[in-house]
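Numbered from 1 within each chain, the chains take letters A, B, ... in sequence-line order. Quick caveat, the model's predicted, so the values are computed rather than measured.
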Amino acid sequence: MRWSNLFIPTLRDAPADAEAASHKLLVRGGFIRQLHAGHYSLLPLGLRVHQKVADIVRAEMDAIGAQEFLLPAMHPASIWQKSGRWEVMGDEMFRLVDRKGADTALGMTHEEIFTDLATEITSYKSLPQIWYQIQTKFRDEPRPKSGLLRVREFAMKDSYSFDIDEAGLDANFARHHDAYVRIFQRLSLPAMPVEASSGAMGGSGSTEFMVPSPAGEDDVVRCGACGYAANVERATSQLTPVDDRDIPELARFPTPGIRTIATLAKVEGGAGAIHQIKTMVMILDGEVTLALVRGDHQLNLQKLQDHTGAIDIRPATPDETLEHLGAHPGSLGAVGVEKLRIIADLALEGRSGLATGANEDDWHWTGVDVARDIGVTEWADLREVTAGEACPRCGAPLEIVRCIEAGHIFKLGTSYSAVLGAEVLDPDGETRPLVMGSYGIGIGRAMAAAAETHHDDNGLVWPVSIAPYEAVVTIVSMKDEASVSAGEAIYAELRSRGIDVLLDDRDARAGVKFADAELIGVPYRVTVGPRTVADGEVEFTPRASGDTTRVGIDSIVEQLVAIVNEQD
RNA sequence: CGGGACGUGGCGCAGCUCGGUAGCGCACCUGCUUUGGGAGCAGGGGGUCGGGAGUUCAAAUCUCCCCGUCCCGACCA
């Protein structure tokens with residue numbers, strides 16, 4: 001393509017709104033424009049990248065035998081009501097009413113729709129099946145942000161596997177895992193598979209593919225020694241055992257004005273945070289519940305949610321706390337509490353000599369023996385792992401890495417197929433629900449993650465596989481006839497050799513052309529100018545290194561074709 | 001949803017405190033010069049100042065209401 005004919009609106013300044021590097025550069029480079037919060041237009045350059053990402057995903061899905069569909073984006077409420085997610089999805093689902101008054105939703109994922117189609121599978125002999133689509137999803141995100149990283153409308157590849165049993169699901173899950181590893185390799189994204197929470201999807205297990213980046217929104221716990229990696233929503237660690245204080249008797253003591261773990265730790269007769277119980281009053285689907293963790297530990301909400309299966313989970317208001325426990329936050333405890341559900345973190349199991357609030361302002365208990373004094377209903381892993389704790393597998397210190405969630409694969413099981421009636425006959429003639437898996441990759445987010453991972457001070461540095469153009473032929477001066485004819489010839493030859501090449505034939509200054517080529521991140525630049533053309537040469541500059549070498553006009557095409565093909 | 005900031009040409013900003021009918025840089029158009037790292041000079045086009053209501057002779061500026069955008073947190077497959 002000839003740059004002079006293209007719409008590539010590059011900007012010298014990034015919009016003031018943009019924070020993330022990918023956001024700034026994709027806007028500055030003329031790849032995207034915002035329409036409103038969470039909704040972006042893909043400009044021609046942006047669409048080229050988006051399509052290349054999608055093509056790689058498509059190729060790898062096809063390679064594992066997946067079949068492509070295209071499903072409606074607008075769904076009747078009934079199918080979501082049937083699966084129970086009309087309520088579960090809450091405000092995150094865009095809903096509208098049609099002229100007949102029928103409730104309708106914009107699809108945020110397609111388990112229901114694909115499962116509905118799968119009701120037409122009637123025999124185990126037709127299994128397994130892998131179905132997928134690349135479709136626009138709509139999610140009313142509470143806070144869209146960071147350009148393409150978190151939006152309300154985006155293309156996602158979602159695939160679904162259908163099997164007769166768990167073994168089949170495991171095989172398809174593994175197949176997807178491997179396909180995802182290949183996809184991220186081809187996208188040059190350093191994605192690592194990590195253990196993840198399944199959240200609202202339900203199911204027995206899930207793996208996220210995480211790309212380390214400060215622009216990310218998830219924290220991953222990682223062990224450099226053995227490779228253990230898990231989302232903080234799921235991660236565990238080994239704790240060094242605590243020597244309990246020897247306080248055999250349960251005793252109340254006055255603590256005027258003491259409202260925090262830290263102050264109780266300092267006060268005379270108090271207790272170090274490690275010897276305290278932190279009592280959090282949570283409302284789980286309307287039920288008042290106490291969540292207990294060690295004083296120096298942090299409650300992870302997702303862990304609590306995963307353990308209980310609650311949909312709506314929030315901290316109690318101070319009024320609710322007072323009503324149910326008789327004291328304000330800062331003086332709360334579970335000693336003697338009988339009517340409420342009490343979920344305690346495993347780190348408290350077997351502990352004694354502890355201090356905790358007495359459910360009366362300005363009073364605490366000490367000498368608390370958890371087994372003796374607290375009616376724990378359930379034990380669960382509730383605490384959030386922090387950096388430096390010991391790896392649960394090998395004991396080495398853990399690190400925490402901020403990441404972008406680029407892909408997520410789930411073992412769903414039979415929850416959708418059972419309620420939506422996707423059942424088949426097995427070899428014994430018995431009716432069995434399909435065992436399902438669900439697998440997603442955000443196309444635009446992968447594109448943003450690549451931009452986030454591959455850029456420098458001058459702009460984007462796209463990997464060849466997804467670059468909008470693989471090479472640009474920059475004619476330094478359109479007034480120099482020798483340069484123009486040499487540039488045109490190289491351009492034509494590269495095109496005929498199947499290279500995605502851009503010809504910068506604009507009547508602009510060299511500096512502008514170089515700066516723009518670097519900003520939009522074209523991997524290879526061939527500079528054709530009077531300085532070298534007279535010698536029968538051009539300059540060759542890979543974007544990543546910036547190193548320029550002189551190459552003969554008659555060999556540049558061969559050299560470039562070889563390099564591009566090697567990269568791809 | 002809580003906290004904070006902001007909304008003035010395509011992008012970045014000033015003007016608002018102290019009302020007098022909009023300005024700067026980049027970009028754009030024309031001409032001349034220039035031409036290997038975001039050119040110079042001259043001339044020019046483009047803005048219901050987010051929207052509505054109000055106060056006033058007069059509102060970008062003051063008052064009220066609404067809308068939108070960004071950041072932090074909450075939340076989130």
Q) With sugar-phosphate meaning primed atoms plus P, OP1 and OP2, does A:E217 contact a base, only sugar-phosphate, or nothing at under 4.0 Å between heavy atoms? A) nothing
Q) Base, sugar-phosphate, or nothing for A:A515, non-hydrogen atoms under 4.0 angstrom? A) base
For a quick test of your reading: what N or O donor-acceptor pairs under 3.5 Å do the side chains of residues 473-480 of chain A make, sequence neighbours left out?
from, atom 1, to, atom 2, distance (Å)
A:S477, OG, A:K479, N, 3.2
A:D480, OD2, A:S483, N, 3.1
A:D480, OD2, A:S483, OG, 2.3

Q: For residues A:G216 and A:I404, report the shortest heavy-atom separation together with the two atoms involved.
A: CA-CG1, 3.6 Å
Q | Set of side-chain contact (heavy atoms from CB on, under 4.5 Å) partners for A:Q135, sequence neighbours left out | A | A:L70, A:A73, A:H110, A:Q133, A:K137
Q) For the residue pair A:F69 and A:F114, does the interplanar ring angle fall in the parallel (under 30°), tilted (30 to 60°) or perpendicular (over 60°) class? A) perpendicular
Q.
Please confirm whether the shortest side-chain N or O distance from A:K145 to OP1 or OP2 of B:rC72 is below 4.0 Å.
A. yes
I'd like a table of atom pairs between the protein and nucleotides 29-35 of chain B - only N or O on both sides, under 3.5 Å - with the distance next to each one.
from, atom 1, to, atom 2, distance (Å)
B:rU34, O2, A:R509, NH1, 2.9
B:rU35, O4, A:K479, NZ, 3.2

Q. Does the separation of the ring centres of A:F31 and A:W462 fall below 6.0 angstrom?
A. yes
Q: Sort and list the pairs that fulfil side chain to side chain donor-acceptor pair (under 3.5 Å) and have at least one residue in residues 278-293 of chain A, not counting sequence neighbours.
A: none
Q: Sequence neighbours left out, what passes side chain to side chain donor-acceptor pair (under 3.5 Å) with A:S83? Give chain and number order.
A: A:E112
Q: Remember a base hit wins even if backbone is also touched, and classify A:E539 as base, sugar-phosphate or nothing at under 4.0 Å, heavy atoms.
A: base
Q.
For A:G309, is there any backbone N or O sitting under 3.5 Å from a side-chain donor or acceptor partner on A:D306?
A. no
Q) Taking the side chain of A:R28 as its heavy atoms from C-beta onward, which of B:rC71, B:rU69, B:rG38 lies nearest to it? A) B:rG38
**Q.** Neighbours of RNA chain B within residues 150-163 of chain A, by heavy-atom distance under 4.0 Å
**A.** A:R150, A:M156
Q. Taking atom C1' of B:rG37 as reference, at what distance in whole Å does atom CD1 of A:I475 sit?
A. 18 Å
Any N/O pairs under 3.5 Å between the protein and nucleotides 40-48 of chain B? List them or say none.
none

Q) Rounding to a whole Å, what distance do you find between A:L519:CG and B:rA27:C1'? A) 14 Å
Q. Looking for any heavy atom pair under 4.0 Å, which part of the strands does A:T527 touch: base, sugar-phosphate only, or nothing?
A. base
Q | Residues forming a side chain to side chain donor-acceptor pair (under 3.5 Å) with A:R95, sequence neighbours excluded | A | none
Q.
Taking side-chain contact (heavy atoms from CB on, under 4.5 Å) as the definition, give me every residue that meets it alongside A:T207, ordered by chain and number, with sequence neighbours left out.
A. A:F173, A:H177, A:P193, A:F209, A:I409
Q: Rounded to whole angstrom, note down the C1' distance from B:rG46 over to B:rU8.
A: 14 Å
Q) According to the interplanar angle, ranging from 0 to 90°, do the rings of A:H176 and A:Y180 count as parallel (below 30°), tilted (30 to 60°) or perpendicular (above 60°)? A) perpendicular
Q) Regarding A:R525 and the six-membered ring of A:F514, is the cationic atom NZ or CZ under 6.0 Å from the ring centre and inside 45° of its axis? A) yes
Indicate every side-chain donor-acceptor pair of residues 448-455 of chain A with a distance under 3.5 Å to a residue at least two apart or in another chain.
from, atom 1, to, atom 2, distance (Å)
A:E452, OE1, A:S22, N, 3.1
A:E452, OE1, A:S22, OG, 2.6
A:T453, OG1, A:A449, O, 2.6
A:H454, NE2, A:S188, O, 2.7
A:H455, ND1, A:A451, O, 3.0
A:H455, ND1, A:E452, O, 3.2

Q) To the nearest angstrom, how far is A:D219 atom CG from B:rC76 atom C1'? A) 14 Å
Q.
At 4.0 Å (heavy atoms only), tell me whether A:G529 reaches a base, stays on the sugar-phosphate, or touches nothing.
A. base
Q) A:E233 near the nucleic acid: base, sugar-phosphate alone, or nothing, with a heavy-atom cut-off under 4.0 Å? A) nothing
Q.
Taking the minimum atom-to-atom distance to the side chain of A:R525, which one of B:rG37, B:rC71, B:rC76 wins?
A. B:rG37
Q. Rounding to a whole Å, what distance do you find between A:E92:CD and B:rC76:P?
A. 8 Å
Q) Which listed nucleotide (B:rG37, B:rA39, B:rC70) is nearest to the side chain of A:F514? A) B:rG37
Q) What residues in residues 8-20 of chain A put a non-hydrogen atom under 4.0 Å from any atom of RNA chain B? A) A:L11, A:R12, A:D13, A:A14, A:P15, A:A16, A:D17
Q | A:D103: side chain to side chain donor-acceptor pair (under 3.5 Å) partners, not counting sequence neighbours | A | none
Q. Taking only side-chain nitrogens and oxygens of A:R143, does any of them come within less than 4.0 Å of OP1 or OP2 of B:rC72?
A. yes
